[in-house]
Amino acid sequence: MSQELRAVQWTGGELALIDQTVLPHRTEILRVENVDGLVDAIQRLVVRGAPAIGAAGAYGVALALLQGEREGWSAERLDAEIARIRAARPTAVNLMVGVDRVAARLAEGLDTVLAEAAAVQREDVEANRAMGVHGADWLLKRVSADRPLRLLTHCNTGALATAGWGTALGVIRELHARGLVEVVYADETRPLLQGSRLTAWELVQEGIPHYVQADGAAAGTILRGEVDAAIVGADRIAANGDTANKVGTVGVALACADAGIPFLVAAPTTTVDVGTPDGSAIRIELRGEDEVLEWGGIRTAPTGSRGHNPAFDVTPGRLVTGLVTERGVLEVAAGELPGDRPA
Ligand code: MRU
């Protein structure tokens with residue numbers, strides 16, 4: 001995959017989104033030209049990953065402005081439609097940050113709104129590249145191995161999940177560029193398979209050696225000593241370092257703590273929400289029961305079973321060895337908290 005892969009692209013009047021629901025078997029672009037279409041795309045995970053929905057939300061303000069001009073909306077209606085985009089998913093703070101940053105420029109007109117949205121996108125790519133270097137340098141200092149590293153990751157944090165390059169996967173790409181990745185264990189990431197469908201697809205494009213494993217295999221792989229470090233992304237990081245990320249992440253962190261290996265979170269500072277004191281204040285998205293009761297549209301659980309489908313979990317900050325941001329690495333478990341010194 002080239003660095004140019006863009007999950008979210010403004011094409012002048014509309015947004016072109018890589019449809020992540022049909023990857024890896026089909027590469028399709030979904031064109032979105034109104035607020036309903038964007039809210040639906042975010043909720044169905046056509047576009048997903050905290051920084052990518054932040055960029056989509058940022059351009060969503062421009063979409064709303066254009067739709068409002070076409071349909072003669074009042075200022076109140078425009079605000080309400082922008083609020084709908086902002087609330088399309090509740091956990092990733094990047095969506096709110098992206099929408100609010102661009103909405104603050106509305107009075108200055110479409111050109112300014114579009115320039116601000118483009119800045120959100122550009123700055124995310126720059127942050128990802130910086131995170132890649134900081135995370136790779138930190139790992140090479142902290143993991144004593146006289147061979148390339150064996151890394152584990154959960155969900156998808158690559159170019160598809162961001163404005164470009166990737167967060168946790170960006171660190172892995174940086175290490176791979178230095179010839180220092182032996183293998184990546186990519187958790188499949190039930191129930192929507194962001195790991196086996198999307199991370200594995202990106203790893204194949206990059207020529208990075210990897211295994212896809214069931215989420216339930218992760219702890220055993222770590223405790224058997226087959227992993228040097230785990231690195232994941234985040235949807236919202238509280239002031240005390242508690243980190244919301246894709247469901248299944250906290251089990252990886254617990255296994256890393258038991259095995260005594262680093263558990264790293266890589267996320268831009270736009271994912272750090274110092275207004276949220278700790279993980280208990282993070283709203284966790286509960287998704288539809290069918291996602292866990294069915295597979296490929298076919299019911300797998302017996303009639304009468306209920307489904308419990310939290311999309312994210314919260315890893316306590318005490319389990320986060322390092323938080324990699326574009327500004328460097330905070331050693332959260334050792335007491336360096338994002339709320340004390342903005343990451
Ligand atoms: O439900 P998703 O696929 O949007 O969840 C994505 C994750 O949990 C990612 O790990 C997180 O957003 C970071 S993406 C760089």
CD1 of Ile53 to CD of Gln43, rounded to nearest 0.5 Å, is 10.0 Å
Name all residues meeting the side chain to side chain donor-acceptor pair (under 3.5 Å) criterion together with Asp258; count only those two or more places apart in sequence or in a different chain, and write none if there are none.
none
Are Asn34 and Asp36 close enough that a side-chain donor and a side-chain acceptor fall under 3.5 Å?
no
So which atom in Val314 and which in Gly279 form the shortest heavy-atom distance, rounded to 0.1 Å?
CG1-CA, 3.8 Å
For the hydrophobic clusters of this structure (ILVMFWY residues joined by side-chain heavy atoms under 4.5 Å, transitively), does one cluster hold both Val35 and Leu30?
yes
Is any side-chain heavy atom of Thr269 closer than 4.5 Å to one of Glu326?
yes
Test side chain to side chain donor-acceptor pair (under 3.5 Å) on Asp19 and Thr21 and set out the steps.
CA-CA 6 Å; Asp19 186 345; Thr21 67; 2.6 Å; yes
Does the pair Leu17 and Tyr59 meet the rule for a side-chain contact (heavy atoms from CB on, under 4.5 Å), with working shown?
CA-CA 11 Å; Leu17 305 173; Tyr59 280 115; over 6 Å; no
Heavy atoms only: give me the nearest Thr91-Glu285 pair and the separation to one decimal.
OG1-N, 3.0 Å
Does the side chain of Trp201 come under 3.5 Å of the side chain of Gln20 through a donor N or O and an acceptor N or O?
no
Could you please spell out the steps behind the side-chain contact (heavy atoms from CB on, under 4.5 Å) verdict for Tyr185 and His210?
CA-CA 6 Å; Tyr185 292 92; His210 62 281; over 6 Å; no
To check you understand the geometry: which heavy-atom pair defines the closest contact between Val61 and Val99, and what is its length?
CG2-O, 3.8 Å
Looking at Leu264, Leu330, Val133, which hits side chain to side chain contact (heavy atoms under 4.5 Å, CB included) with Val324?
Leu264
Closest heavy-atom pair, His134 versus Arg327, reported as atoms and distance to 0.1 Å, is NE2-C, 3.9 Å
Atom pair CD/CD1 of Gln9 and Ile29 - distance to nearest 0.5 Å
8.0 Å
State whether Glu33 and Arg70 are salt-bridged, where the test is any N-O pair (Lys NZ or Arg NE/NH1/NH2 against Asp/Glu carboxylate O) under 4.0 Å.
no
Distance-minimising heavy-atom pair for Arg299 and Glu294
CA-CG, 3.9 Å
Can you tell me if Glu116 uses its side chain to pair, donor with acceptor, with the backbone of Arg101 under 3.5 Å?
no
Interatomic distance, Thr11 atom OG1 to Arg31 atom CZ [nearest 0.5 angstrom]
5.5 Å
Rounding to 0.5 Å, atoms CD (Gln194) and CG (Leu160) come to a distance of 11.0 Å
With a 4.5 Å limit on heavy-atom distance, are the side chains of Leu293 and Ser305 in contact?
yes
Just checking, is any N or O donor in the side chain of Asp278 or Ser280 under 3.5 Å from an acceptor N or O on the other one?
yes
Does Thr157 reach the main-chain N or O of Gly166 with its side chain, forming a donor-acceptor pair under 3.5 Å?
no
Under a 4.5 Å cut-off applied to non-hydrogen side-chain atoms, are Leu198 and Thr189 in contact?
no
Check the pair Arg150, Glu226 against salt bridge (charged side-chain N to carboxylate O under 4.0 Å, His left out), reporting the backbone distance first and the verdict last.
CA-CA 7 Å; Arg150 304 161 309 168; Glu226 292 168 22; over 6 Å; no
Derivation of the side-chain contact (heavy atoms from CB on, under 4.5 Å) call for Thr271 and Val265:
CA-CA 11 Å; Thr271 308; Val265 173; over 6 Å; no
Just jot down the side chain to side chain contact (heavy atoms under 4.5 Å, CB included) partners of Thr112, sequence neighbours excluded, or say none.
Arg105, Glu108
Rounded to the nearest 0.5 Å, how far does CG of Asp187 lie from OG1 of Thr199?
9.5 Å
Verify same cluster id: Val47, Trp165 (apolar side-chain graph, 4.5 Å)
no
Checking side-chain polar atoms at under 3.5 Å, does Asn156 have a donor or acceptor matched by the opposite partner on Arg197?
no
Could you tell me if the side chain of Lys246 sits less than 4.5 Å from the side chain of Asp235, heavy atoms only?
no
Sole residue of Ile172, Leu151, Leu140 in side chain to side chain contact (heavy atoms under 4.5 Å, CB included) with Leu180:
Leu140
With a 4.5 Å cut-off on side-chain heavy-atom distances among I, L, V, M, F, W and Y, is there a chain of contacts connecting Val272 to Ile284?
no
For Leu319, the rest of its hydrophobic cluster, which grows through side-chain links under 4.5 angstrom
Val250, Leu254
Can you list the steps and then say if Leu106 with Val113 is a side-chain contact (heavy atoms from CB on, under 4.5 Å)?
CA-CA 6 Å; Leu106 263 176; Val113 161; 4.2 Å; yes
Same cluster for Ile42 and Trp10 if Ile/Leu/Val/Met/Phe/Trp/Tyr side chains link at under 4.5 Å?
yes
Donor-acceptor under 3.5 Å (Glu336 side chain, Glu331 main chain)
yes
Examine Val212 and Val232 and state if one hydrophobic cluster contains both, with Ile, Leu, Val, Met, Phe, Trp and Tyr joined whenever side-chain heavy atoms are less than 4.5 Å apart.
no
Between Leu95 and Arg86, is there a side-chain heavy-atom distance shorter than 4.5 Å?
no
Any non-hydrogen side-chain atom of Thr315 less than 4.5 Å from a side-chain atom of Phe263?
yes
Closest approach of Gly307 and Glu289, non-hydrogen atoms and distance?
N-OE1, 3.0 Å
What residue among Asp242, Val93, Thr243 forms side chain to side chain contact (heavy atoms under 4.5 Å, CB included) with Arg236?
Val93
First locate atom CD1 of Ile237, then atom CG of Leu323, and finally report the distance between them rounded to the nearest 0.5 Å.
4.5 Å
Determine, for Glu81 against Arg84, whether the closest basic-nitrogen to carboxylate-oxygen distance falls under 4.0 angstrom.
yes
Should Leu169 and Leu203 count as side-chain neighbours, where that means a heavy-atom distance under 4.5 Å?
yes
